[in-house]
Every structure is written in structure tokens, then in C-alpha cells.
2 protein chains.
Amino acid sequence: MESGDELRFDHGDRTPERLRGQLSRLVGMTAVQTRRAAGDALRAVGAHKDDFVVLAALAEFGPASQAALSDRTRIYKSDLVAVLNALARGGWIRRAPDPADGRRNVITITDDGERRLAELDRVLDDVNEHIMAPLGRDERAQLFALLRRVNDHLAGAPERA
Amino acid sequence: MESGDELRFDHGDRTPERLRGQLSRLVGMTAVQTRRAAGDALRAVGAHKDDFVVLAALAEFGPASQAALSDRTRIYKSDLVAVLNALARGGWIRRAPDPADGRRNVITITDDGERRLAELDRVLDDVNEHIMAPLGRDERAQLFALLRRVNDHLAGAPERA
DNA sequence: CCGCTTGTGTTAGGGACACTAACGATGTAT
DNA sequence: ATACATCGTTAGTGTCCCTAACACAAGCGG
């Protein structure tokens, strides 16, 4: 089955020394791997990464305008259009004009959408389990914490607790 | 200067709970951040990420064919062409046909190339320092180790020591 | 020597993702 | 009323990662 060996960070004596110090490279290659793992699993059930993100936001915060959704999911409002089209086609959301504001649409998750979300949640749980398989409970928490500190810092965090 | 706040993994109460458990999302967003940090710094000196990678491989392993370079840098041979063109234009490498094998080119780093590599190395050292600024010495090592284990695992590692 | 297969460099292109620009329609403020 | 801001939408940019096809050269089996 010889897999994505291309994305292995370290190939031992074949890997230039200087590259091993580049966190950017390591995290970049790992990102592609994890993205692919999640993407493949979701594609197997006919879903896309953003489907899960949008459904999760709707389930947790209730009906929302597309602008609000974009804000909560970091999906650009321009890209959101296609995602919502697909979700509506599947019957997982309803998109109706906001009677209170003619500019907005109100996006609502349907019962089928809740079920879909549960399904995708299961799929992604498996993916996460697979990704972090080699790590123990505390190590997973450590990895999350370390990455989040780097992420916060690069996002321009003024050292918030 | 309000920066790339879009790429912050956690926006507190505005972030759906389910998304916080997705390592794929966290590592993906952080990858974009670090890639951008490195890319910006390199662009400021007229360089590209792959320039550094290729020069490093040449400096550490000596002259090589493009196929060998592709193997060592995980840059696809198709993409390598443009990188080498740019490096040759800058006078940082020489590209000559291999007298022993009419199919191959022999890529050699020049003295200017060595200097260029040293420059890019300095630039990237600063970037890495900036990226990992919030982490202590041991934490940086931990982050590297954890990510490498995930990376190795996803690359299809058969539990190699 | 002659095909056959393999390796090499090159060109072209696809697909995913993050991101920007512009625009018509609609609200809001002055 | 006039100016400005917001919303959904369409279109397009740039960057990675990756595949396909091809001409050419090398090696190998007959």
C-alpha cells in the first residue's frame, strides 16, 4: 500500500540537516497529511470539511446569517455560498430570507442536518483517533497546547491568558 | 497593524466547541501562519522557500542531478525546473549536462550560492525564533518530537525507532 | 544491432485552499 | 435626501501539492 511517503519530514541520511530545524516545514507537511486524512474520510461519505464546520456552528449557535456563519467558521463569505448550496441541496440546512432584514438570509439546520452532523462527527472522531494514534492522552493534550500557543502568538495575541 | 486574526484557532465563545477538538484544523491553520511568516521573510530578500531547500541540499550533499535533488527535497521534479531556472538566473547554481549520462544535468552550487544560503539561513533562523518565541527550549523540542511522531505515523511508518 | 523498458528533464494542467475585488441590493445615519 | 455600511454573490488571484504526457538518452535481452 506504500503511502504518502513523500510527506515524511525526516528521511534519515537523505534529508538535509538544515531542513530538520524548520518548524514551518514540519508543521506544513503534517498539515497536508492530516488535511488529507480528514478530507479522504469525509469524501468517502460525500462530505467536505466545510460541511462539518458549518453544521457544527449552526447546531451550537442556532440559526444565523451567512455573515455570522462566516465569522464563526473563518470560511470566507464568498466561499460559503457554494458550501451552503451543497448543504441545501442535501436538505441539511434551510436558507430563507430574513423578514427583519432584506439583505440577510437566515440559515437553519434541519433534522436531517443534525443527523448528518452526528455522522460527520463520528467520522472525524475516527480520523482524529487515527491521526493521534501514536500519542498518549497527556501527549495529545500537550501537542494541542503547544500548537495553540504558537497559533495564538502568530495570530497577534497580546499574551492573553 | 491588526494582523491575520482570521487564522486564530480559538476565538473563545465565538468558536464552535466541536471545532476545538480537530487537530487537523489547528495544525492546518498554524501551518498557514508559519508558511506565511517564512514566505514573507524570504520574499523580502527576493527568495522563495524552495530556494533555501535546494541550496541546502546542494551544500550538504554536493552536486546532484535534478532527480536526486527532487528525491532529497520532496520538491516534484516538475516544479524543480522553475526553481533551478531562478537559482541559475541569480548565479547561485550552475546547471551543466552530465558527461557521463546524457539524460542528466549536474547541478552545482556556486560560491555566490553558498553566500546566498548563509543569508537565507539567517533569515529563517529569525523566522523560527519568531514563530517559537512563546515556547521555552524544552517546549520547542517537545513540539518537534510530538509533531514528528504524528508525521512519521501518517507517512506510513511501521513503528521505526 | 534492434527493440524494450526504464530513468531524466520538461511542459502543461488539475484541484484544493486562502484570499481579494467588485457589485447590486438593502439597511442605517445624518 | 444623501451618504455610508452591510449582505450575499460572482469572479478571479496566488500558492501548494500533485499527475500526465513526452522527447530523449541509457541499459538490457534477444
Side-chain angles (χ1 to χ4, degrees), chain A residues 3-8 24-25 27-40 42-43 47-51 53-54 64-71 73-86 88 93 95-107 154-155, chain B residues 3-9 24-25 27-40 42-43 47-51 53-54 64-71 73-86 88 93 95-107 155:
Chain A
S3 45
D5 210 40
E6 331 272 328
L7 288 171
R8 190 191 303 277
S24 173
R25 184 175 169 93
V27 67
M29 292 172 80
T30 310
V32 174
Q33 289 175 321
T34 60
R35 177 197 310 162
R36 189 159 308 169
D40 288 353
L42 288 174
R43 194 172 319 115
H48 185 272
K49 178 174 64 78
D50 290 341
D51 295 0
V53 174
V54 167
S65 71
Q66 299 185 196
L69 273 179
S70 174
D71 195 44
T73 59
R74 86 119 213 268
I75 301 174
Y76 283 69
K77 56 177 184 173
S78 44
D79 297 329
L80 196 52
V81 179
V83 178
L84 294 179
N85 285 342
I93 62 155
R95 198 209 241 119
D98 188 337
D101 188 334
R103 295 169 299 178
R104 299 185 211 202
N105 290 333
V106 178
I107 315 296
L154 291 180
Chain B
S3 46
D5 209 40
E6 329 273 328
L7 288 171
R8 190 191 304 276
F9 179 64
S24 174
R25 184 174 169 94
V27 67
M29 293 171 80
T30 310
V32 173
Q33 289 175 321
T34 61
R35 178 198 308 161
R36 190 160 306 170
D40 288 352
L42 288 173
R43 192 173 319 114
H48 185 273
K49 179 175 63 82
D50 289 342
D51 296 359
V53 173
V54 167
S65 71
Q66 298 184 196
L69 272 180
S70 174
D71 195 44
T73 59
R74 85 120 214 264
I75 301 174
Y76 282 68
K77 56 177 185 173
S78 44
D79 297 329
L80 196 52
V81 179
V83 178
L84 294 179
N85 286 341
I93 61 154
R95 196 211 242 118
D98 188 338
D101 188 333
R103 296 169 297 179
R104 298 185 212 204
N105 289 334
V106 178
I107 314 297

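All of these numbers come straight from a predicted model, not from anything done at the bench. Per chain, numbering begins at 1; letters A, B, ... match sequence-line order.
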On the nucleotide C:dT10, are OP1 or OP2 found under 4.0 Å from the side-chain N or O atoms that B:Asn85 carries? no
Quick one, B:Thr34 and A:Arg25 - any side-chain contact, counting heavy atoms below 4.5 Å? no
Separation of D:dC7 P from A:Ile107 CD1 (nearest whole Å): 13 Å
A:Arg104: what forms a side-chain hydrogen bond (donor to acceptor under 3.5 Å, both in side chains) with it, not counting sequence neighbours? A:Asp101
What is the distance, rounded to the nearest whole Å, between atom CD of B:Gln66 and atom C1' of C:dG7? 13 Å
For A:Ala37, is there any backbone N or O sitting under 3.5 Å from a side-chain donor or acceptor partner on A:Asp40? no
By side-chain hydrogen bond (donor to acceptor under 3.5 Å, both in side chains), B:Asn105 pairs with (sequence neighbours left out) B:Gln66
Hey, could you give me the NZ/OG distance between B:Lys49 and A:Ser24, rounded to the nearest 0.5 Å? 7.0 Å
A:Ile75 CD1 to D:dC7 P: how many Å, rounded? 17 Å
Going through the distances and angles, do A:Met29 and B:Arg74 end up as a side chain to side chain contact (heavy atoms under 4.5 Å, CB included)? CA-CA 10 Å; A:Met29 292 172 80; B:Arg74 85 120 214 264; 2.9 Å; yes
How many Å lie between CZ on A:Arg104 and C1' on D:dT9, as a whole number? 17 Å
Could you write out each protein N or O paired with an N or O of nucleotides 27-30 of chain C at a distance under 3.5 Å?
| residue | atom | partner | partner atom | Å |
| --- | --- | --- | --- | --- |
| C:dG27 | OP1 | A:Gly102 | N | 2.4 |
| C:dG27 | O5' | A:Gly102 | N | 3.4 |
| C:dG27 | O4' | A:Arg103 | NE | 3.3 |

Side chain to side chain contact (heavy atoms under 4.5 Å, CB included) partners of A:Thr73, counting only residues at least two apart: A:Val53, A:Ala57, A:Ile75
Listed pairs, N/O of protein and of nucleotides 15-22 of chain C, under 3.5 Å:
| residue | atom | partner | partner atom | Å |
| --- | --- | --- | --- | --- |
| C:dC17 | OP2 | A:His48 | NE2 | 2.7 |
| C:dA18 | OP1 | A:Arg74 | NH2 | 2.4 |
| C:dA18 | OP2 | A:Arg74 | NH2 | 3.1 |
| C:dA18 | O3' | B:Arg36 | NH2 | 3.2 |
| C:dC19 | OP1 | B:Arg36 | NH1 | 2.6 |
| C:dC19 | OP1 | B:Arg36 | NH2 | 2.8 |
| C:dC19 | OP2 | A:Tyr76 | OH | 3.1 |
| C:dC19 | O5' | A:Tyr76 | OH | 2.8 |
| C:dC19 | N4 | A:Asp79 | OD1 | 3.0 |
| C:dT20 | O4 | A:Ser78 | OG | 2.7 |

Exercise answer: donor-acceptor pairs, residues 76-86 of chain B side-chain atoms, under 3.5 Å, sequence neighbours excluded:
| residue | atom | partner | partner atom | Å |
| --- | --- | --- | --- | --- |
| B:Asn85 | OD1 | B:Arg95 | NH1 | 3.1 |
| B:Asn85 | OD1 | B:Arg95 | NH2 | 3.2 |
| B:Asn85 | ND2 | B:Val81 | O | 3.4 |

